[in-house]
Every structure is written in C-alpha cells, then in structure tokens.
K.L.:
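Dropping a structure here in structure tokens format, bear with me for questions.
Just so you know, these numbers come straight off a predicted model, no measurement behind them. Sequence lines set the chain letters: A, B, ... in the order given, protein chains first and strands last, and positions in each chain run from 1.
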2 protein chains.
Amino acid sequence: MLQKRQVLADHVFEAVLSLLLDGEVATGSALSIDGLAKRFDVSSTPVREALARLESTGMVRREALRGYKVTAGPTAEDVTDLLVTRQVLEPAMTALACKRADDNFVAELRAINAELERSRHGGESFVGYRPYWKADELFHRHIAEYANNEFLLRAYGSVEGHIQRFRLLVHNDEVSGEHTIGEHQVIINAFADRDETAAKEAMTAHIAAITARAVDLPVFNKPNEQDSV
Amino acid sequence: MLQKRQVLADHVFEAVLSLLLDGEVATGSALSIDGLAKRFDVSSTPVREALARLESTGMVRREALRGYKVTAGPTAEDVTDLLVTRQVLEPAMTALACKRADDNFVAELRAINAELERSRHGGESFVGYRPYWKADELFHRHIAEYANNEFLLRAYGSVEGHIQRFRLLVHNDEVSGEHTIGEHQVIINAFADRDETAAKEAMTAHIAAITARAVDLPVFNKPNEQDSV
DNA sequence: CCGTACCAAATCGTGTAGGATGCAGGATAT
DNA sequence: ATATCCTGCATCCTACACGATTTGGTACGG
C-alpha cells in the first residue's frame, strides 16, 4: 500500500512513469487498468486519471473501449525527428538561459556535470546506468527551466519523455559518455563567459554530435520488425 | 443522440474545451467536477478524465484536494513568451513543410486563406468572429502538420490552446485581419515557389508582425488586476 | 465598537465497489 | 474454409462513502 500523504493518482502516475522510463515494460504491450490497480493496490479511478495524464506525454496511447498500450519503440525516423525537434528547441532555450545566467547557475551546471562524470562508471549493469540518465536529463532540463519561458518549457516537456526513452536505446557506452561530458563542458564555459552566441552554438553542436552518434543505434541498422498491422 | 459517440469522456473533453476556447467561462474561475457532471448529465468519472487531459494543455490548472480552475488570463509577459515560442517553433516547421510542399498543399492553404478573407467581415458580434479564429488556427496547424514531424507537432500542440486563447484577446479587428491575410499570402507564395528560405522568413516576419500588433493589447497598457493572492 | 481567532457545517474532491456494455478469440455448424 | 454464435474479460460508467478544505458565524480580546 502506498500511503504517503499525497493524492493516489499522483503516485500511480509516478510509478507508471518509472516503469516506462526504466524500460520495465515492453514497448507495445497493453497496460490493463485493473491490472495496474491491483499492482499498486488502489482502485481503478486513480489509475484512470494517471493514464489520462500519461497519454498527453505520448508514452502511452489510448484506443476507445480498447484500453491503453505502451507506445511502440521508436523507429529510425522517430529518432531523427526527435533530434530535429531538440535542435529546434534547445539551442533557442540555451540562448535565453544565457541571458539570465549568473555564477550560481553555472555552478549548478558544473555540479550536474560532475555527477554525470561520477556515475559514468556505474557500469555494466542496467540499473547502474540510471543515475547517468538522470544526470543527463537534469542537465538539459535545468537549462530549459532557466530559459524562464513557460511555453517553451511546456513544449520541451511535451517531448522530454521521448528523449528519455531515446536514452534507453543508447544503453551504457563509455565512449559516448566521455563525449557527452566534454560537450556539456563547452556549453558550461560559454555560460560562464555569458556568451549567448557561443552557448547556443555549443548546444547545437552537442545535439548534432548526438545525432551523429545515433546512426550506430540498432534501429538504424536492423530492419525494424516491430511495425505490425 | 448520434451513434458517432464513442465514450463520454471524449465528449466532455470537447465540450469543456469549447467552453474555454470560446471564452464562455471566466478566466480564473473554478471548474467544479460535480457541476460539470450535472451540466452534461454524466457522472463524475468521465468529467475527471476529461479534466485530467485538459490539464496537460495548460488551459486548466489542478491543485490537489482543491479542484480545477481555469487558467488565469495571460499577462503581458505571457503574451511575449508565447510569441517567442511561436517564433522558435513555427518558422522551423514552415521550412520543413516547404520541403514537402506540392501543388495540392498550396491550393489548400489558398482555400484556408480565402475562408479567412470571407469570414473577416463576419463582424461586430462575438460569435461571428469564431469562423475567423478557426480559419487562422487551421492555417497555422495545416503547416505544422505538413512538417511531418511527430514531435514538433506535439510541441506545437502543447501551446496551441494558448495561441487560441491569445486570439480571444485580439477580438475582431478589421485592420489586423487585413494584415494577417496579406502576411499569409506572402507565406503561401513562398510555398508555391518551393523557396524554403523565403517561406521561413515569411513566417518569421508574420509572427514578428503579430508581436508588433500585440503591444496595443489591453494587457500591455493596463495594470492587470487579475492577479490575486 | 472593531478585529481576530476559533469552531461548526456545508461543499467538493477523492477513492471504492459493483454493474452494464462492447470487444476478442475460439468452437461449432454449414 | 468461411461465417456465426458464445464465452471470457477488460473497459467504462454510475452510485455511494470518506475526508479534506473552505466558509460563515460566533465568541473572545483589544
């Protein structure tokens, strides 16, 4: 029984989100309302509300009278489209964030990147990779929030879950981690210099580098058989 | 009752959304679950599901154990932030759409702009303005969809409701309508020429013009007293 | 006489339980 | 082999119970 003093629907939302983000449920599989209700020992109403919220994130899809299903794994085209979207949003937000950057903000970014470095060697295991994801996600989200634009943040948030799912595809990769940390460093340095143009270009370069590394992903090399009629 | 009806929650969602987009409920006012349930003659469950979905659009806000409220009317800062966001998203999507543009697409845009011209003289009344909004919204959405990027479209969709609410502030304005139609025409011509750069710049100019016209809005001139503790 | 703190009842959000409806898959008959 | 019916099951909705919040009134203190 989940008994923290908050609303049950919030906990179910978080719990299901963790299931999805940690890849503990197969893509495309059905999410039964009653099943989740029993799993978390609540009734169906909170589950229903949580799933309705999750639908807006695109992580699950709903068919009327047929229930919810986990969104199918991304195709090569999806990965490309997602990175194009990041290329549209994040450099713009980086430039805005740089306008407001102060020493404290730069210090926070350095701390996050240090955490990234520390957790990079977490390792071989799947769960050990989790702190690395979280740190990477936090780095980008911190900049997004600092841009101080409610609507840009909303737009970013609408694809943030998919970015996280993309990270699952990459798994642990020592080389990729090394590049990521270095690229982040360039961005941080631009923030430290209050150089808006440099910061924007550094973020653009970072995402371009992610894109370049993405072509090694399995979805780009294997013909994907997960498309069903 | 039409057989088209799928699930009650969908209808409640549409109904409440219309209430919000048509400005039939005051900004900041409370949305009672039971009240809406009685109003649409359903029970509370479909209403709750509809409101949970609406929350993700930002049109309503939820406080745990305190219910839902219509999001407060935009401040001057909100309007500025929203237009900055459009400036980030829409030119990029316009460029992508231009890559795929064919004669049929251009014809459809011309038809939408013709509808805009036709409904511009609808008039003085409030409801007569509705076809004008819908045509303007459709013009931008049509381009957004044609960009053929699921995630960019999702990001655009996450702020689309707010754009629509912004249109409510403008009310009917003959001069503004004339400018809008002309600016759309420039965009369409660029599409017809398959000139990606020109299309992108035309969209940028269009949103910049909207921004310039926005400074005449009441929220920029009156101290807004709608912020309550 | 006015302001403040406290208390009580109404109100509304939240969660549970149960029943009705519609979909999916398999068996049977043609 | 195709079509039809039937059974199991999950979704969807309603009705009710609980608990938290808010509000209006009252009493106390200044």
K.L.:
Look at A/Arg110 together with A/Glu117 and state whether they make a salt bridge at an N to O cut-off of under 4.0 Å.
P.N.:
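Result for this pair is no, no salt bridge flagged.
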K.L.:
Between C/dA17 atom P and A/Ile33 atom CD1, what is the distance in whole Å?
P.N.:
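These atoms are roughly 16 Å apart.
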K.L.:
For B/Phe191 and B/Ile143: C-alpha separation, side-chain torsions, deciding distance, then whether side chain to side chain contact (heavy atoms under 4.5 Å, CB included) applies.
P.N.:
CA-CA 10 Å; B/Phe191 274 123; B/Ile143 294 172; 3.9 Å; yes
K.L.:
Could you check which residues of residues 36-50 of chain B get a heavy atom under 4.0 Å from DNA chain C? Sort them by number, please.
P.N.:
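Correct list: B/Arg48.
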K.L.:
For A/Arg66 and B/Ser32, take the nucleotide of DNA chain C holding the closest heavy atom to each; which residue's nucleotide lies nearer the 5' end?
P.N.:
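Taking each residue's closest nucleotide, the earlier one in sequence belongs to B/Ser32.
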K.L.:
Does A/Ala64 reach a base, just sugar-phosphate, or nothing at all? Heavy atoms under 4.0 Å.
P.N.:
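Here A/Ala64 touches the backbone only, sparing every base.
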K.L.:
Test the A/Arg53-A/Phe13 pair against the cation-pi criterion, namely NZ or CZ under 6.0 angstrom from the six-membered ring centroid and within 45° of the ring axis.
P.N.:
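The answer is yes, since A/Arg53 meets both limits relative to A/Phe13.
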K.L.:
Rounding to a whole Å, what distance do you find between B/Leu8:CG and D/dT11:P?
P.N.:
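In whole Å, D/dT11 P and B/Leu8 CG are 17 Å from each other.
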K.L.:
CG of A/Leu51 versus P of D/dT11: gap in Å, rounded?
P.N.:
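After rounding, the gap between these two atoms is 9 Å.
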K.L.:
Distance check needed: C/dC12 P versus B/Lys69 NZ, whole Å only.
P.N.:
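Going from B/Lys69 (NZ) to C/dC12 (P), I get 15 Å.
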K.L.:
Starting at CG of B/Asp10 and ending at C1' of D/dC12, how long is that distance when rounded to a whole Å?
P.N.:
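In whole Å, D/dC12 C1' and B/Asp10 CG are 11 Å from each other.
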K.L.:
Keeping B/Tyr146 on the side-chain end and B/Arg100 on the backbone end, is there a donor-acceptor pair under 3.5 Å?
P.N.:
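Yes, because the side chain of B/Tyr146 sits within donor-acceptor range (under 3.5 Å) of the backbone of B/Arg100.
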K.L.:
For A/His11 and C/dT14, what is the distance between atoms NE2 and P respectively, to the nearest whole Å?
P.N.:
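From A/His11 NE2 to C/dT14 P: 14 Å.
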K.L.:
With a sphere of 6.0 Å drawn around CG of B/Asn104, does it hold more than 12 non-hydrogen atoms of other residues, nucleotides or ligands?
P.N.:
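Check passes, neighbour count above 12.
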K.L.:
Roughly, in whole Å, what's the span from CD in B/Glu55 to C1' in C/dG13?
P.N.:
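Between C1' of C/dG13 and CD of B/Glu55: 14 Å.
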K.L.:
Toward the 5' end of DNA chain C, which comes first, B/Asp34 or A/Leu65, by nearest nucleotide?
P.N.:
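Looking at DNA chain C, the more 5' nearest nucleotide goes with B/Asp34.
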K.L.:
Can any side-chain N or O of A/His184 pair as donor or acceptor with the backbone N or O of A/Leu116 at less than 3.5 Å?
P.N.:
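Not at all, since once roles are kept as given, no pair shorter than 3.5 Å links the two residues.
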